[in-house]
Amino acid sequence: MAKNLLIVESPAKAKTIEGYLGKDFTVKSSYGHIRDLVKSEDAIDVANKFKQKYEVPADKKQVVSELKKLAKEADTVWLASDEDREGEAISWHLFDTLNLKDENTKRIVFHEITKPAILKAIENPRKINYDLVNAQQARRVLDRLVGFELSPVLWKKVKPSLSAGRVQSVAVRLIVDREREINKFNSEAAYRVVAIFGKGKQAFKAELGERFVKKEDAEAFLKDCVDAIFNVNSLETRPAKRSPAAPFTTSTLQQEASRKLGFSVSRTMQVAQKLYESGHITYMRTDSVNLSDTALNAASQEIMSAYGDKYYHRRTFKTKSAGAQEAHEAIRPTYFNNHTIEGDGSEKRLYELIWKRAIASQMSEAAFEKTTAKIGISTRKEELTANGEVMKFDGFLKVYLESNDEEEDNQQDDDNTMLPPLSKGQQLDLQEMTATERFSRPPSRYTEASLVKKLEELGIGRPSTYAPTISTIQNRGYVVKEEREGKQRNFSVLTLKDKSINKEQRTETTGAEKGKLSPTDIGAVVNDFLVQHFKGIVDFNFTAKVEKQFDEIAQGLEEWTKMLDVFYKSFHKDVENTIQTADKATGERELGVHPETGEKISVRIGRYGPFVQIGENAGDDKDYKPQYASLRTGQSIETISLEEALELFKLPKQVGEFEGKVMKVAIGRFGPYISHNSAFVSLPKEIDPLDVTEEQAIELILAKRKKDAEKLIKVFDEDPTVKILNGRWGPYIEFGKQNVKIPKGKEPLELTYEECKALAEADSKAPKKGGGRFQKKGAKK
DNA sequence: CAGTGAGCGAGCTTCCGCTTGACTT
């Protein structure tokens with residue numbers, strides 16, 4: 001029987017540590033927090049010093065009972081949860097829940113999972129730090145109070161099932177604000193002048209510093225250059241250096257994996273978790289850029305043996321984020337001598353990224369020589385500038401180069417290449433000069449990863465919650481990740497070549513985006529509501545402000561209930577006030593009046609999403625009814641124009657009759673379609689739904705029937721609406737309007753009618769998403 | 001993939017941060 005029970009947070013960690021400690025120690029894991037506030041309203045007794053009601057959630061019962069049993073049998077229990085606010089609280093919850101005793105319980109901490117670090121920790125046990133525990137309680141209680149009081153306000157004033165919280169609401173706000181910046185952005189055009197001098201391998205580019213707003217000015221400049229002589233006015237060469245980035249934290253890993261591998265933040269975390277569990281990397285949820293001494297030594301050995309002494313440079317990094325708690329190491333390979341690992345494609349790629357970044361962080365600077373040549377024009381006072389760069393020593397660039405967010409947006413080729421040997425005064429041979437119309441670009445929409453970066457900068461959220469937060473705001477429908485098709489845009493290019501100027505129009509695609517986040521209408525309406533009524537909570541500095549107070553609590557300088565008392569008094573008043581006085585938020589906007597009837601046209605959010613309304617609300621007049629139409633995907637109540645809104649009423653439209661039934665064209669969730677006798681046919685992209693003719697519609701219906709007939713395997717005599725069809729994922733039963741999957745192992749052709757009926761019934765009883773169609777009554781006054 | 005945008009009705013939704021699997025598509 002082991003004399004010692006040591007409890008850590010993560011089971012993978014437990015396994016490693018057990019190997020270091022020998023048979024006197026049993027090492028177990030708590031799997032994170034073992035207790036949480038009860039779900040119900042009475043979790044916090046505000047009037048009684050914010051007394052909390054905790055419970056062990058169902059999925060933790062087993063862990064707790066096993067730990068309880070082991071703790072009873074052990075002589076000493078070592079609480080080794082992480083050294084941060086949450087870790088301290090986990091230790092306290094363990095102490096309390098497992099009924100541990102002060103005299104044989106020891107609290108220890110370590111920042112790295114190495115044998116010496118753990119042995120040292122065991123030699124220096126301490127007691128639970130209750131100030132730190134109180135800081136965690138304050139954090140936990142504040143988040144619950146905010147989340148569970150704000151959300152119900154939204155249910156009443158906006159829509160049921162919505163949510164708000166200290167972290168998610170700010171994340172949404174960032175995205176809404178950014179979208180509005182983009183909407184109000186006015187693109188300005190200016191001509192950029194680039195000259196190419198020399199021929200073949202000696203050719204190089206030079207650019208004019210200023211840009212011309214007017215086309216005439218650009219043209220005049222080119223005209224002046226037709227007979228000009230170009231000389232090198234000055235030549236300057238200077239050395240430049242570049243240093244490697246710090247090893248990965250959770251947030252920087254998510255950013256690089258997004259840019260270099262195209263991973264979503266949750267994908268990155270899933271793959272990293274696998275790498276961690278198979279022992280390839282250190283812990284992946286960390287805000288620290290530190291490497292342990294053991295790691296530093298291993299990296300140095302690896303670099304020296306693989307690349308040589310001059311590539312090695314020992315570095316330590318300091319964290320830049322204010323809220324960092326640094327309970328762990330940076331993310332790094334467990335063994336630096338493994339340049340690659342076994343595993344699937346994404347595991348290999350992510351591992352290599354982590355390996356390269358960590359190795360590079362301990363390598364020498366790269367050295368460059370930068371050359372700038374200023375080129376004079378005999379007929380003008382302006383100068384052209386040519387930049388060249390030569391790498392003198394690659395250093396860390398041998399293994400790794402960090403990318404940046406702007407890269408993808410950079411349509412301009414401002415690459416610093418080599419310049420040919422030049423001398424001052426030298427006359428140059430102009431090959432070609434172009435003046436190209438360029439447009440200023442609006443700020444970019446956030447990607448998942450750049451949003452995480454921004455949140456981290458603001459000190460909002462933690463490594464363990466970045467990915468879940470990003471999911472939450474998408475699941476609530478506040479934000480969507482969309483692919484946007486770009487728009488075509490014309491631009492002019494003036495080219496001077498062989499002493500003549502040629503003008504042409506070219507087209508480019510602009511605004512095409514993939515995987516960028518934009519707000520939905522409901523996201524914008526909820527945001528505006530919160531900004532209006534709870535400015536303090538959705539303030540970008542709110543978290544930083546309360547974090548400062550949590551720090552004071554942790555240092556024993558402030559009492560946690562006092563801090564909460566001050567906060568809650570004013571917050572709760574705002575909640576009460578808003579419930580009493582605020583109108584329902586619908587985001588209503590008036591677009592104008594109908595050009596023919598003069599009726600009011602407005603947009604707002606309703607039970608089924610955003611819609612346009614023509615006419616006033618009916619009121620008591622039974623004969624009058626306003627007209628309604630839903631907005632289409634991609635349209636927003638914030639940006640839709642009067643013309644676009646009126647377009648929506650042109651559909652659905654009857655296009656004729658076929659087999660005695662009408663054919664209607666409409667637009668649904670999946671785009672334009674024709675409906676006929678309860679059958680649907682999608683409209684091909686090239687046909688404008690407003691222009692569909694009767695003949696076209698019949699043709700499309702017949703084509704669809706033919707295609708369906710090819711899919712048909714069997715029709716039942718008992719009921720011809722019951723069929724077996726060949727679908728994209730294999731055969732399935734069509735039972736009236738219901739589609740039912742055929743279970744594995746069943747031969748579709750041998751199914752009887754009774755079996756199909758039974759399957760359909762079982763399927764309809766299976767739990768389905770949705771429900772909650774009714775609004776709670778609002779407290780209107 | 002339609003229709004809907006009144007009100008009636010019970011009971012439901014929701015936070016952030018620590019951890020993994022157990023689930024389905």
Side-chain angles (χ1 to χ4, degrees), chain A residues 8-14 29-37 39-41 43-44 57 59-60 63 81-82 84-91 93 136 139-155 159-169 270 273-274 276-277 283 285 325 327 460-466 468-469 472 476 537 543 586 602 604-613 617-619 622 625-630 652 664-675 678-683 729 737 741 766-767 771-777:
Chain A
V8 293
E9 291 181 37
S10 150
K13 218 190 239 184
S29 123
S30 72
Y31 292 80
H33 273 294
I34 52 147
R35 279 206 305 200
D36 193 14
L37 293 171
K39 282 264 187 189
S40 52
E41 301 281 296
I44 299 158
D59 59 335
K60 290 291 167 62
V63 178
S81 48
D82 297 344
D84 56 18
R85 207 162 58 201
E86 297 299 325
E88 203 67 20
I90 289 175
S91 277
H93 280 301
Q136 193 274 346
R139 199 279 306 156
R140 180 68 190 92
V141 169
L142 181 135
D143 280 336
R144 167 59 69 88
L145 289 171
V146 168
F148 275 39
E149 290 208 15
L150 275 192
S151 300
V153 176
L154 296 179
W155 305 343
K159 213 177 103 168
S161 303
L162 295 175
S163 65
R166 174 176 59 81
V167 173
Q168 58 169 286
S169 296
Q270 278 167 19
Q273 177 88 29
K274 273 197 180 161
Y276 168 65
E277 282 168 12
Y283 197 56
R285 289 186 275 265
Q325 310 210 4
I460 300 172
R462 302 279 313 132
S464 67
T465 59
Y466 294 138
T469 301
T472 299
R476 294 272 175 275
I537 306 293
T543 292
T586 61
S602 58
R604 68 177 188 275
I605 294 186
R607 270 200 285 177
Y608 313 109
F611 69 100
V612 194
Q613 176 173 343
N617 285 336
K622 287 241 165 73
K625 216 183 161 202
Q627 279 181 278
Y628 305 102
S630 295
K664 247 195 214 167
V665 178
I667 296 202
R669 268 207 296 151
F670 310 128
Y673 65 91
I674 301 167
S675 64
S678 76
F680 299 97
V681 187
S682 299
L683 218 52
W729 300 288
K737 283 191 174 177
K741 215 168 80 180
R773 278 164 117 275
F774 300 109
Q775 307 242 13
K776 222 172 182 178
K777 241 199 318 184

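Not measured: the values here are computed from a predicted model. In what follows, chains carry the letters A, B, and so on, assigned in the order in which the sequence lines appear, proteins first and then strands, with residues in each chain numbered from 1.
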Task: salt bridge (charged side-chain N to carboxylate O under 4.0 Å, His left out) involving Glu149(A) - partner list, sequence neighbours excluded - done: none

- [ ] Can you figure out which of dC18(B), dT13(B), dT19(B) approaches the side chain of Asp84(A) most closely?
- [x] dC18(B)

Open item on the list: Any base atoms under 4.0 Å from Gln273(A), or only sugar-phosphate, or nothing? Heavy atoms, all strands.
Closed with: sugar-phosphate

- [ ] Select base, sugar-phosphate, or nothing to describe what Gly87(A) touches, counting heavy atoms under 4.0 Å on all strands.
- [x] nothing

TODO: Please determine if a side-chain N or O atom of Arg85(A) lies less than 4.0 Å away from the OP1 or OP2 oxygen of dC16(B).
DONE: no

Task: Residues in salt bridge (charged side-chain N to carboxylate O under 4.0 Å, His left out) contact with Arg85(A), at least two apart in sequence or another chain - done: Glu547(A)

- [ ] Heavy atoms only: give me the nearest Ser163(A)-Arg476(A) pair and the separation to one decimal.
- [x] OG-NE, 2.7 Å

Task: Which nucleotides of DNA chain B pair, in dot-bracket form (Watson-Crick or G-U under 3.5 Å, | meaning another strand) - done: .........................

TODO: Output the single nucleotide from dC16(B), dG3(B), dT20(B) whose closest atom is nearest the side chain of Lys664(A).
DONE: dG3(B)

Task: Closest to side chain of Ser151(A), choosing from dT14(B), dT19(B), dC1(B) - done: dT14(B)

Open item on the list: Is it the case that the base of dT14(B) and the side chain of Ser163(A) share a donor-acceptor contact (distance under 3.5 Å, atom types as modelled)?
Closed with: no

Open item on the list: So, using salt bridge (charged side-chain N to carboxylate O under 4.0 Å, His left out) as the criterion, who are the partners of Asp143(A) when residues are at least two apart?
Closed with: Arg139(A), Arg166(A)

Task: side-chain contact (heavy atoms from CB on, under 4.5 Å) involving Phe611(A) - partner list, sequence neighbours excluded - done: Arg604(A), Gln613(A), Tyr628(A)

Open item on the list: So if I take every side-chain heavy atom of Ser630(A) and compare against dC16(B), dT20(B), dG5(B), which nucleotide ends up nearest?
Closed with: dG5(B)

Open item on the list: Within the 4.0 Å heavy-atom criterion, would you say Arg35(A) contacts the bases, only the backbone, or no part of the nucleic acid?
Closed with: nothing

Open item on the list: Any base atoms under 4.0 Å from Gly165(A), or only sugar-phosphate, or nothing? Heavy atoms, all strands.
Closed with: sugar-phosphate

Task: Sugar-phosphate only, base, or nothing, as touched by Ala164(A) at under 4.0 Å among non-hydrogen atoms - done: sugar-phosphate

Open item on the list: Whether the side chain of Tyr608(A) and the base of dT4(B) hold a donor-acceptor pair under 3.5 Å is what I'd like checked.
Closed with: yes

- [ ] May I ask you to say what Val167(A) touches in the nucleic acid, namely base, sugar-phosphate or nothing, with a heavy-atom cut-off under 4.0 Å?
- [x] sugar-phosphate

- [ ] Would you classify Glu41(A) as touching base, sugar-phosphate or nothing, given that sugar-phosphate means primed atoms plus P, OP1 and OP2, and contacts are heavy atoms under 4.0 Å?
- [x] base

Open item on the list: What's the closest nucleotide to the side chain of Phe680(A) if the choices are dC18(B), dC1(B), dC15(B)?
Closed with: dC1(B)

Open item on the list: Base, sugar-phosphate or nothing for Thr469(A)? Non-hydrogen atoms, less than 4.0 Å.
Closed with: nothing

TODO: Remember a base hit wins even if backbone is also touched, and classify Ser675(A) as base, sugar-phosphate or nothing at under 4.0 Å, heavy atoms.
DONE: nothing

Open item on the list: Does Tyr276(A) reach a base, just sugar-phosphate, or nothing at all? Heavy atoms under 4.0 Å.
Closed with: sugar-phosphate

- [ ] Look at all strands and tell whether Gln136(A) reaches a base, only sugar-phosphate, or nothing, counting heavy atoms closer than 4.0 Å.
- [x] nothing

Task: Side chain Arg140(A) and base dC15(B) donor-acceptor under 3.5 Å - done: yes

- [ ] Would you indicate which nucleotide in dC15(B), dT20(B), dT19(B) comes nearest to any side-chain atom of Glu277(A)?
- [x] dT20(B)

- [ ] Would you please confirm or rule out a distance under 4.0 Å between OP1 or OP2 of dC18(B) and any side-chain N or O of Ser464(A)?
- [x] yes

- [ ] Answer yes or no: side-chain N or O of Arg144(A) and base N or O of dC16(B) forming a donor-acceptor pair under 3.5 Å.
- [x] no

Open item on the list: At 4.0 Å (heavy atoms only), tell me whether Pro152(A) reaches a base, stays on the sugar-phosphate, or touches nothing.
Closed with: base

- [ ] Please list, chain by chain and in numerical order, all residues satisfying side-chain contact (heavy atoms from CB on, under 4.5 Å) with Tyr283(A), sequence neighbours excluded.
- [x] Tyr276(A), Arg285(A), His328(A)

Open item on the list: Would Trp155(A) count as stacking on dT13(B) if stacking means ring centres less than 5.5 angstrom apart and planes tilted under 30 degrees?
Closed with: yes

- [ ] Ignoring the backbone of Tyr628(A), work out which of dT20(B), dT14(B), dA6(B) is nearest its side chain.
- [x] dA6(B)

TODO: Have a look at Leu37(A) and say if it touches a base, only the backbone sugar-phosphate, or nothing, with a 4.0 Å heavy-atom cut-off.
DONE: nothing

Open item on the list: dC15(B), OP1 or OP2 - any side-chain N/O from Arg139(A) closer than 4.0 Å?
Closed with: no

